[in-house]
Protein chains: 2
Amino acid sequence: MSDGVPVKGTETDFMPPNKPATPDPARTLSLLWRHTLSPSRTRGPRPSLTVDRVVEAAVTIADEQGLDAVTVRSVAQALGASPMSVYTYVPGGKTELLELMIDVVYLGEGRPAWGELGWRDRVTAVANQNRALYAKHPWLIHASTSRPPLGPGVITKYEYELSAFDGLGLSDVEVDAALTFVLGFVQANARSAADAAVLPEATAMTDAAWWEAQAELLGRVVDPQTFPRATRIGEAAGAAQGGAYQADAAYRFGMDRVLDGLGRLVERTKKAR
Amino acid sequence: MSDGVPVKGTETDFMPPNKPATPDPARTLSLLWRHTLSPSRTRGPRPSLTVDRVVEAAVTIADEQGLDAVTVRSVAQALGASPMSVYTYVPGGKTELLELMIDVVYLGEGRPAWGELGWRDRVTAVANQNRALYAKHPWLIHASTSRPPLGPGVITKYEYELSAFDGLGLSDVEVDAALTFVLGFVQANARSAADAAVLPEATAMTDAAWWEAQAELLGRVVDPQTFPRATRIGEAAGAAQGGAYQADAAYRFGMDRVLDGLGRLVERTKKAR
DNA sequence: ACATACTCTGTACAATGTACGTAGTTGCCG
DNA sequence: CGGCAACTACGTACATTGTACAGAGTATGT
């Protein structure tokens with residue numbers, strides 16, 4: 001999302017106090033599953049667009065220019081239609097459009113069968129898939145996780161990822177919690193990665209230049225005696241490595257902890273059996 | 001983060017394509033540390049406000065009405081000043097104001113000495129403190145984590161939290177990664193919790209009502225045969241418990257995994273010594 | 001006294017989501 | 001076959017946002 005600056009998009013995101021069109025969960029659900037529940041379907045002029053085309057256009061814009069570039073007007077323009085005609089296909093306006101976008105990218109992912117993989121490999125695969133998804137669609141990071149739009153994409157993804165925990169002896173609630181835990185980690189990491197990737201453009205400053213400038217200014221301001229760990233560790237962890245590499249290292253480190261943490265639960269469960 | 005609806009504010013946050021005023025990292029840094037680096041300080045009329053008062057007003061509004069309610073105009077009105085006069089004290093505009101807000105709430109937190117606590121208790125305390133901070137200032141969730149504003153609050157917090165890992169034999173890079181890991185988990189959890197807390201108001205629908213409505217509609221649409229885990233586990237994990245309780249359970253579950261995951265690293269490190 | 005360096009404010013603009021009303025288009029029913 | 005009902009499409013309009021810009025007022029230093 002971008003932009004206090006059209007470029008930034010991730011750092012300070014606000015929302016104008018416009019209204020969410022007419023919210024209607026039932027209609028949104030029908031839209032997600034592409035139910036043409038209209039009693040009479042062929043009355044007026046033949047529709048020149050489809051829900052899918054609108055959503056697809058929005059996703060393309062979001063992928064290429066960030067979520068902030070997705071405006072009702074820009075989507076309409078990409079489709080060669082007038083702004084207001086978008087509301088014909090997505091009556092819920094931008095809020096509903098975002099839910100449709102989320103569901104459609106979830107649906108588009110491949111989900112290979114597990115085969116003979118052990119649970120660690122399966123969970124790792126789930127994490128990697130989500131990570132790749134965030135890399136491909138950074139705007140996904142801004143999507144809400146609770147009460148997601150229960151469309152075919154979301155459900156398919158959920159079903160698949162739950163199956164990674166099959167056969168471990170965990171309870172239903174534990175499986176759900178474990179998955180939430182893994183996905184939460186990936187999301188937090190993706191968030192950092194996305195910020196790190198976008199900030200240089202936003203600030204028109206490379207990572208190195210930024211750290212150097214900060215280091216110089218901080219040197220005059222911060223007392224290393226008062227903040228020994230922060231200055232030493234911050235320098236080691238920040239200045240030495242670029243933002244992208246750092247996110248990468250954090251991912252590997254984190255995944256090891258995640259797997260070890262889940263491992264103890266699994267062992268304990270197996271033992272108790 | 002935030003949403004399509006002024007009320008929601010957390011789910012889908014967008015930013016109008018306005019410009020971030022004149023960005024100037026050096027000036028922002030000076031502002032963060034409250035350096036009055038003006039060469040001549042007493043020329044024109046005596047300032048009627050201070051940076052602190054502006055920031056404080058903004059934080060109050062954000063706490064009470066959400067980040068979306070923090071507008072240049074609303075902050076000015078809370079101070080009885082004209083909108084543009086805010087720029088006198090915070091030349092960087094809204095972007096800079098947000099960084100000042102973040103730093104000031106970090107600075108205001110108590111940070112008790114560790115005493116005789118073991119590392120598990122220390123790390124748990126760090127997590128709990130961050131969790132409480134998010135509960136008190138939900139808008140913090142929308143703040144960027146990479147390249148934070150290096151003000152006194154951020155540095156003090158960083159120093160303190162790093163010290164929780166003292167004496168474990170971890171390398172500097174490992175300590176930084178471990179802290180990032182813990183904070184990432186807390187942030188992801190806080191995000192869910194905040195969404196869950198805000199959504200009922202936004203949707204004008206209680207959790208129970210929402211799940212019931214969804215369940216009914218989904219029953220007609222989703223085939224339990226195709227999504228056995230999703231329907232069973234989703235029902236168990238979602239419908240039975242409210243959103244708030246769910247976030248709470250996820251926090252406890254996750255913290256156990258986080259500590260176990262770090263525990264293995266610590267053990268291995270100690271053993272290798 | 002006068003310049004200088006401030007503070008403060010009003011006006012203005014571009015961009016946003018979307019309500020509303022209107023015009024055009026098609027299939028169905030009589 | 002005539003008319004109506006349902007539908008698509010679109011132009012206009014408004015409130016709200018961040019902030020550039022220019023000018024007016026005010027205190028201090030010389």
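In what follows, chains carry the letters A, B, and so on, assigned in the order in which the sequence lines appear, proteins first and then strands, with residues in each chain numbered from 1. Remember, predicted model here, so these are calculated numbers, not experimental data.
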Nucleotide [N], atom [atom2] - distance to [atom1] of [X] in whole Å:
X     : N      : atom1 : atom2 : result
B/K94 : D/dA20 : NZ    : P     : 15 Å
B/M84 : D/dA20 : CE    : P     : 7 Å
A/L79 : D/dA9  : CG    : C1'   : 14 Å
B/D68 : C/dT16 : CG    : C1'   : 13 Å
B/L67 : D/dG18 : CG    : P     : 10 Å
A/I61 : C/dT16 : CD1   : C1'   : 15 Å
B/R53 : C/dT7  : CZ    : P     : 15 Å
A/Y87 : C/dA19 : OH    : P     : 7 Å

Pairing donors with acceptors under 3.5 angstrom, does anything connect the side chains of A/D68 and A/W139?
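Side chains of A/D68 and A/W139: no pair found under 3.5 Å.
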Just checking, any donor-acceptor pair under 3.5 angstrom between side chains of A/S74 and A/T71?
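A donor-acceptor contact under 3.5 Å links the two side chains.
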Measuring from the side chain of [X] (C-beta onward, heavy atoms only), which nucleotide among [options] has the closest atom?
X     : options                : answer
A/P45 : C/dT25, D/dG18, C/dT18 : C/dT25
A/T88 : D/dC21, C/dC8, D/dT8   : D/dT8
A/V72 : C/dT18, C/dT9, D/dA9   : C/dT18
B/R73 : C/dC8, D/dA9, C/dA12   : C/dA12
A/P47 : D/dT8, C/dT18, D/dT28  : D/dT8

List the atom of B/P152, the atom of B/D103, and the distance in Å for their closest heavy-atom pair.
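In this case the closest contact between B/P152 and B/D103 is CD-OD2, 3.2 Å.
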If you take all heavy atoms of B/P91 and B/R27, which pair is closest and at what distance?
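Between these two residues, the closest heavy atoms are CB-NH1, 3.5 Å.
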Let's test your reading of the model: under 3.5 Å, does the base of D/dT28 pair with the side chain of B/R46 as donor and acceptor?
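Check fails, no donor-acceptor contact within cut-off.
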Separation between CG of B/L100 and CD of B/E56, rounded to the nearest 0.5 Å
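Reported value, rounded in 0.5 Å steps: 13.5 Å.
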Compare side-chain N and O positions of [X] against OP1 and OP2 of [N] and report whether any pair is under 4.0 Å apart.
X     : N     : result
B/R43 : C/dA3 : no
B/Y89 : C/dT7 : no
B/S82 : C/dT9 : yes

Which residue, B/G44 or B/G80, contacts DNA chain C at a nucleotide closer to its 5' end, judged by nearest heavy atom?
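The residue closer to the strand's 5' end, by nearest nucleotide, is B/G44.
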Residue whose closest nucleotide on DNA chain C lies nearer the 5' end, A/T71 versus B/L49:
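Between the two, 5'-proximity favours B/L49.
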